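Have a look at the structure below, then the notes.
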Protein chains: 2
Amino acid sequence: MRLPKLSKLELQIMEVLWDKGPTAIRDIQESFGAKGRPAYTTVQTMVYRLEGKKALRRARKIGNAHIFEALISRDAAQARLVDEFLSLFGGRMQPVMAQLIEAGNLSSKDVADAEKLLRELAARKKKEA
Amino acid sequence: MRLPKLSKLELQIMEVLWDKGPTAIRDIQESFGAKGRPAYTTVQTMVYRLEGKKALRRARKIGNAHIFEALISRDAAQARLVDEFLSLFGGRMQPVMAQLIEAGNLSSKDVADAEKLLRELAARKKKEA
DNA sequence: CATGTCCTACTACACCAGTAAGAGCCTAGC
DNA sequence: GCTAGGCTCTTACTGGTGTAGTAGGACATG
């Protein structure tokens with residue numbers, strides 16, 4: 001279970017740790033926009049559960065407050081998400097891309113970047129071989 | 001609630017309806033691979049819940065068996081999925097694309113197709129304006 | 001040192017997805 | 001008409017997520 005499944009709210013909490021580094025619960029909670037933010041103890045519960053999933057750990061204490069730090073990388077978690085998502089489409093990219101473009105989520109810059117990355121990847125592969 | 005949220009299993013059931021058209025529960029269940037397929041009543045429960053969500057409806061009966069048909073389109077459901085997914089990334093495509101390419105999920109053909117579609121879309125927009 | 005504030009740890013609950021068993025109804029075939 | 005098999009409906013339990021309250025310990029500051 002090296003890469004536990006993370007829910008939306010759990011992800012948002014991890015985002016804070018990834019962005020800011022080791023953080024206390026209070027700071028995590030406050031980094032949610034003031035309106036519609038979950039209660040302190042809600043964030044706390046989620047952090048505890050993330051601890052159980054080994055997604056983060058208590059790094060140290062400041063006063064009596066724990067400071068938590070991420071144990072899994074943003075990249076790893078995102079890779080997991082993408083996998084999960086693709087499996088819903090049976091791994092077929094075509095409808096996904098089509099949808100992204102139709103909805104205007106994909107700019108020509110995104111596509112250009114993709115091309116560039118693809119070329120780099122191909123070059124890297126060739127070198128390795 | 002025109003576009004209800006569908007879970008993985010619910011999606012798989014809808015896939016059958018989208019592929020085969022109006023279908024009985026027995027046929028839906030059997031279209032899951034013989035190994036690891038959910039029990040008949042499990043599929044039934046999901047179908048009932050999908051009915052509650054207005055994702056499908058009873059079209060007619062054959063004997064005493066109901067035949068169900070999809071009420072929402074595959075495209076609409078997929079659009080919903082993509083939105084949902086993107087919101088996890090705060091709508092930023094860059095990490096998503098990067099991940100897709102790194103993991104080898106995105107071929108150069110996919111990217112070429114994307115480019116083509118983008119150009120078509122741009123042309124269409126221009127015409128409309 | 002007293003007291004208010006903040007944090008922790010625990011408990012609780014509702015909802016949803018997934019799973020399925022059980023009771024009983026309908027129908028087809030003998 | 002009777003019976004077997006399939007289908008419907010109902011009910012139920014589990015695990016995960018989101019939500020939060022409460023009790024009590026720690027700490028800082030007057």
Side-chain angles (χ1 to χ4, degrees), chain A residues 1 3-16 22-69 77 80-81 84-85 87-88, chain B residues 1 3-16 22-69 77 80-81 84-85 87-88:
Chain A
M1 202 165 311
L3 278 186
K5 185 171 181 303
L6 302 182
S7 70
K8 187 180 176 95
L9 181 55
E10 286 172 339
L11 248 312
Q12 288 179 279
I13 288 170
M14 293 304 292
E15 287 291 341
V16 179
T23 310
I25 291 175
R26 177 64 55 186
D27 289 336
I28 295 173
Q29 193 236 348
E30 281 172 359
S31 77
F32 283 70
K35 77 157 192 275
R37 120 178 83 195
Y40 179 89
T41 50
T42 299
V43 176
Q44 192 191 30
T45 300
M46 285 301 162
V47 167
Y48 287 173
R49 286 178 187 167
L50 285 165
E51 194 183 11
K53 293 182 183 183
K54 306 247 189 289
L56 52 75
R57 73 171 170 207
R58 294 163 199 233
R60 59 182 194 279
K61 284 185 97 170
I62 291 183
N64 64 340
H66 292 289
I67 305 297
F68 296 87
E69 71 184 352
R80 177 75 149 78
L81 271 186
E84 198 80 17
F85 174 69
S87 83
L88 294 180
Chain B
M1 203 168 310
L3 278 185
K5 187 172 181 298
L6 302 182
S7 71
K8 188 180 176 92
L9 181 53
E10 286 171 339
L11 249 311
Q12 288 178 280
I13 287 171
M14 293 305 291
E15 286 292 341
V16 179
T23 310
I25 290 175
R26 176 65 57 188
D27 289 336
I28 296 172
Q29 193 235 349
E30 281 172 0
S31 78
F32 283 71
K35 78 156 193 276
R37 122 177 80 193
Y40 179 89
T41 49
T42 299
V43 176
Q44 193 189 31
T45 301
M46 285 302 163
V47 168
Y48 287 172
R49 287 180 185 168
L50 284 166
E51 194 184 9
K53 293 180 184 185
K54 306 245 188 290
L56 52 75
R57 72 168 172 212
R58 295 163 198 231
R60 58 181 194 278
K61 284 187 97 169
I62 291 184
N64 63 340
H66 292 290
I67 305 298
F68 296 87
E69 72 184 353
R80 176 74 150 77
L81 272 185
E84 198 81 17
F85 175 69
S87 84
L88 294 180

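Remember, it's a predicted structure, so these values are computed and weren't measured experimentally. Reminder, nothing fancy here: chain letters follow the sequence lines and each chain counts from 1.
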What are the atom names and distances for every N/O pair under 3.5 Å that joins the protein to nucleotides 28-30 of chain C?
none

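By the 4.5 Å heavy-atom criterion applied to side chains, B:Leu50 and B:Leu6 are counted as neighbours. Contact annotation: the side chain of B:Met14 never approaches that of B:Glu10 to less than 4.5 Å [non-hydrogen atoms, C-beta and beyond]. Looking at A:Gln44 and A:Thr41, their side chains come closer than 4.5 Å, going by heavy atoms from C-beta outward.
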For nucleotides 6-17 of chain C, read 5' to 3', which letter fits each nucleotide if B means a protein heavy atom sits under 4.0 Å from the base, S means only the sugar-phosphate is that close, and - means neither? -SBBB------B
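Taken to the nearest 0.5 Å, the CZ atom of B:Arg80 stands 6.5 Å off from the CG atom of B:Leu3. In this structure, A:Ile62 CD1 and A:Ile67 CD1 are separated by 4.0 Å, a value rounded to the nearest 0.5 Å.
Residue B:Arg58 places its CZ atom among more than 12 non-hydrogen atoms of other residues, nucleotides or ligands, all under 6.0 Å distant.
Using cut-offs of 30° and 60° for the angle between ring planes, the A:Phe68 and A:Tyr48 rings count as tilted.
Listed pair A:Thr42 / D:dG18 fails the phosphate criterion, with no side-chain N or O lying under 4.0 Å from OP1 or OP2.
D:dT10 atom P lies 11 Å from atom CD of B:Glu51, rounded to whole Å. For B:Arg37 and C:dG18, the CZ to C1' distance is 17 Å, given to the nearest whole Å. Atom P of nucleotide D:dG6 and atom CG of B:Asp27 are separated by 13 Å, given to the nearest angstrom.
Considering only residues two or more places apart in sequence or on other chains, B:Gln29 meets the side-chain contact (heavy atoms from CB on, under 4.5 Å) condition with B:Arg26, B:Arg37, B:Tyr40, B:Val43.
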